[in-house]
Q: 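Structure below; questions to follow.
Please read all numbers here as calculations on a predicted model, not as lab measurements.
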Amino acid sequence: MLLWSNATEDPIWIYPKSNTALKESIIKEFKIHPVIAQILVSRGFTSLEEIHDYLYAKLPDLHDPFLLAEMPQAVERVCRAIRDCENILIYGDNDVDGMTGTALLTEFLQYVGANVFYYVSNRGPVRQSLIVEALEYALKNQCKLLITVDCGITAAVEIAKVVENGVDVIVTDHHEPTDKIPHCVATLNPKLVNNSYPNRDLTGVGVAFKLAHAVTNQLVAEGKIAPKKVDLKRYLDLVALGTISDMGSLLGENRILVRYGLRQLRKTKRIGLSKLVTISGLDIHDLSTFNIASKIAPRLNSLGRIDDPQKGVQVLLIRNVLTAEKMAHELDLNNIERQKIERTMSTDVENLIASSPGLVKHKAIILESDKWHPGVIAIISTRVSKHYNRPAVIISIDKDIGKGSLRSIPEFPLLSVLKDCSDILMNFGGHDFAAGLTIPRQNIPEFKRRFIAAANAKLQDSDVVSKLYLDSEVSFSDITFDFMESIRLLEPFGNENPPPILYADAKQEWPPKVVGKTHLKLFLYQEEQERMLEGIAFGKAHLSPLLRRRDLLLRVAFTPQINDFHQGPTIQLMFRDVVPKSQPANE
């Protein structure tokens, strides 16, 4: 399939910012490699204090959880439920962020003596039922307190029904408020207008962790538990897993949570998670943000898409080895099924766009079908948006109700546009660059008209051209194992903190080699450095005829990586773009 692998156009190269004075002061202060210093300049750091926090922040630098608005009310109600032996229901969203947050609060509250049940949403296309199905579960189990995880901020009407039935509610969420705030005991959300919490980018599991942290502090202060009874670090594996899976920003506080969470993951005692890592073909001692996002998250997310997301929480909490192995195997089979559905749908979308070239002439792409599985539309909308570098909406229709997944680019925030369309939507929510909606089938044409008109009015041609942001120029002689160790200072990599992209000029030592039909292997040499490096350009096999000449001078953009597959480690380059030097890269 070509749609997702080949670029539609050559990207514009955005060359690094230059600030020689700042770069020199970074080198002097932190004793780091000049290229690493330049990367920090290119990433927009302006002070040594900022850089110190980025490089060296530790767990004690986490923000006080009581900085979240309404945290005191939430903690008081949770502590009362523990004291009075009330049943508590944790209600989570059906993605990995919701599953991990639900598992975290369930395990934590049980550990400090609470009576806890959990329920994970298994929503169909109509989201009006959000939390309502949990109300029946709460009443059946005589729960007096319901705590949402990664959901609830847009469910004021549903939460009112829960409260009417004598169940108190605490909302923990991180999505943008789009409607009136739910009337409940407390709403914990770093994006609330009246909130002074310093980290607006906490994920759902991050907010759940903050509640656990605050409750721990309160119970210790009241003398109800010993200071050393609760080791909050034991929950950071769940925080890292949920934050990475939900594409949480890996800057600031999230960076600390994920850095320490990865350490916890590598030594996790969660049997189900260990079995899931093994069945994904990974070494638990070598987990990275990349293989969590590409291997672990899809297997858990497949539950919310084509099966029962309750099983996701079960696999994170399970203690029995045989059951854990069985569940990990089941998750793997679900993921294979999800991949089949995804391939069929991807082909369908590709053919639809190929047969209607006018679709990509607008600044936004909107596609709908009653043949598409609602659980896979988020994956497809992400790919379409990235591939065409513009807002994309993919809508799955079932029984005249459309469920839509939206992804966007930095120049086009979604929520204000969705608010302008709220009169024709049944519901919507999410973030400015990743959102969801439900809409009656008959309103889809009007929604398409308004959304595309908004995109065409706001976006310039230059906004929808793919861009390649470069961090630093580098000489091949600099790319050593010591240098690779220096790059690790910038980890963990992920959303808003991607692996660095470097560039260099080099000659081809040998003509390129096509690998796996669509990829290209390049062999490059810098004469003045007397150094040869090789690497792979994914999806660039079509460039082979243009590059089949020895001694051709190229300008290449790449990320260096350590390859451990053969006899000992070697450094190889993962090429992002390749341009003959006679044809300067777009600037």
Side-chain angles (χ1 to χ4, degrees), residues 1-18 34-35 38-39 41-43 360 386-390 409 460-480 483-484 487 498-563 570-587:
M1 184 170 59
L2 298 177
L3 177 57
W4 315 127
S5 56
N6 291 339
T8 51
E9 57 195 5
D10 294 328
I12 294 176
W13 289 34
I14 310 296
Y15 282 85
K17 302 172 185 175
S18 178
V35 172
Q38 176 57 53
I39 292 168
V41 172
S42 299
R43 297 283 170 102
V360 295
K386 281 186 177 178
H387 185 70
Y388 291 101
N389 205 57
R390 63 196 71 203
I409 57 176
Q460 307 297 316
D461 288 344
S462 59
D463 293 330
V464 296
V465 174
S466 181
K467 301 173 186 71
L468 187 65
Y469 291 91
L470 305 170
D471 288 296
S472 178
E473 186 172 12
V474 68
S475 295
F476 279 8
S477 60
D478 283 326
I479 305 175
T480 63
F483 175 72
M484 296 303 295
I487 282 181
I501 301 177
L502 311 176
Y503 73 96
D505 294 339
K507 286 185 176 179
Q508 287 198 123
E509 182 71 356
W510 297 293
K513 178 182 175 184
V514 174
V515 178
K517 296 185 180 178
T518 58
H519 314 308
L520 205 58
K521 187 165 189 177
L522 298 170
F523 309 88
L524 301 182
Y525 183 72
Q526 282 188 336
E527 285 179 319
E528 63 277 17
Q529 310 296 335
E530 296 186 344
R531 179 88 189 277
M532 193 189 93
L533 287 168
E534 60 185 59
I536 298 287
F538 287 104
K540 299 286 187 182
H542 61 285
L543 295 178
S544 180
L546 305 175
L547 306 177
R548 300 201 68 77
R549 185 155 57 84
R550 190 176 172 179
D551 289 336
L552 179 65
L553 184 62
L554 300 176
R555 174 159 287 185
V556 289
F558 58 87
T559 298
Q561 292 187 339
I562 293 178
N563 183 351
T570 58
I571 296 173
Q572 72 170 14
L573 310 181
M574 306 301 290
F575 294 105
R576 302 295 299 272
D577 200 14
V578 179
V579 181
K581 197 63 170 65
S582 56
Q583 173 201 330
N586 295 318
E587 299 192 32

Q: Would you give the length of the straight line joining atom CG of Leu502 to atom CD1 of Ile479, rounded to the nearest 0.5 angstrom?
A: 6.5 Å
Q: Would you say Gln508's side chain and Leu554's backbone share a donor-acceptor pair under 3.5 angstrom?
A: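 Not at all, since once roles are kept as given, no pair shorter than 3.5 Å links the two residues.
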Q: Before you tell me yes or no, could you show the steps for Trp510 and Glu534 under side chain to side chain contact (heavy atoms under 4.5 Å, CB included), namely the whole-Å CA-CA distance, both residues' side-chain angles and the distance that decides it to 0.1 Å?
A: CA-CA 10 Å; Trp510 297 293; Glu534 60 185 59; 5.7 Å; no
Q: Donor-acceptor pair, His519 side chain versus Gly539 backbone, under 3.5 Å?
A: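 Yes: the side chain of His519 pairs with the backbone of Gly539.
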Q: Atom OG in Ser462, atom CD1 in Ile12: separation rounded to 0.5 Å?
A: 7.0 Å
Q: Keeping Gln572 on the side-chain end and Ile536 on the backbone end, is there a donor-acceptor pair under 3.5 Å?
A: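 No.
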Q: Charged N to carboxylate O under 4.0 angstrom, Asp551 versus Lys507?
A: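 Salt bridge absent between Asp551 and Lys507.
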Q: Quick check against the 3.5 Å criterion: does Asn389 have a side-chain atom that pairs as donor or acceptor with the backbone of Val465?
A: yes
Q: What's the shortest heavy-atom distance between Pro512 and Leu547, and which atoms?
A: CD-O, 3.4 Å
Q: Got a donor-acceptor contact below 3.5 angstrom from the Lys517 side chain to the Ala541 backbone?
A: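 Here the side-chain-to-backbone pair does not exist.
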Q: CD of Glu509 to CG of Leu522: how many Å apart, nearest 0.5 Å?
A: 13.0 Å
Q: At their closest point, which heavy atom of Pro16 faces which heavy atom of Ser42, and how far apart are they?
A: CB-OG, 3.3 Å
Q: Go through the steps for Lys540 and Asp577 under the test salt bridge (charged side-chain N to carboxylate O under 4.0 Å, His left out), then give the verdict.
A: CA-CA 8 Å; Lys540 299 286 187 182; Asp577 200 14; 3.6 Å; yes
Q: Within the 4.5 Å heavy-atom criterion, are Trp13 and Lys467 side-chain neighbours or not?
A: no
Q: If I compare all heavy atoms of Pro560 with all of Met484, which pair ends up nearest, and what's the gap?
A: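 Shortest heavy-atom separation between Pro560 and Met484 comes out as O-CE, 3.3 Å.
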Q: Side chains of Leu533 and Leu524: closer than 4.5 Å at any heavy-atom pair?
A: no
Q: Are any non-hydrogen side-chain atoms of Leu546 and Pro580 less than 4.5 angstrom apart?
A: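 Answer no - side chains too far apart.
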Q: Picking from Lys17, Gln38, Arg43, what satisfies side chain to side chain donor-acceptor pair (under 3.5 Å) with Asp471?
A: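 With Asp471 as partner, side chain to side chain donor-acceptor pair (under 3.5 Å) holds for just one option, Arg43.
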Q: State, yes or no, whether a side-chain contact exists between Arg576 and Leu468 at a heavy-atom distance under 4.5 Å.
A: yes
Q: Is any side-chain heavy atom of Leu520 closer than 4.5 Å to one of Ser544?
A: yes
Q: Given 3.5 Å as the limit, does a donor-acceptor pair link the side chain of Gln526 with the main chain of Ser475, or not?
A: no
Q: Heavy-atom count check: over 12 atoms from other residues, nucleotides or ligands less than 6.0 Å from Lys513 NZ?
A: no
Q: Using the ring-ring contact (aromatic ring centres under 6.0 Å, His included) rule, pick out the option among Tyr469, Tyr15, Phe575, Phe476 that qualifies with Tyr503.
A: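 Only match with Tyr503 under ring-ring contact (aromatic ring centres under 6.0 Å, His included): Tyr15.
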Q: Please round to the nearest 0.5 Å and tell me the distance separating atom CZ of Arg531 and atom OH of Tyr525.
A: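 Arg531 CZ to Tyr525 OH: 11.5 Å, rounded to 0.5 Å.
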Q: May I ask you to say whether Asp463 pairs ionically with Arg390, meaning some side-chain N is under 4.0 Å from a carboxylate O?
A: no
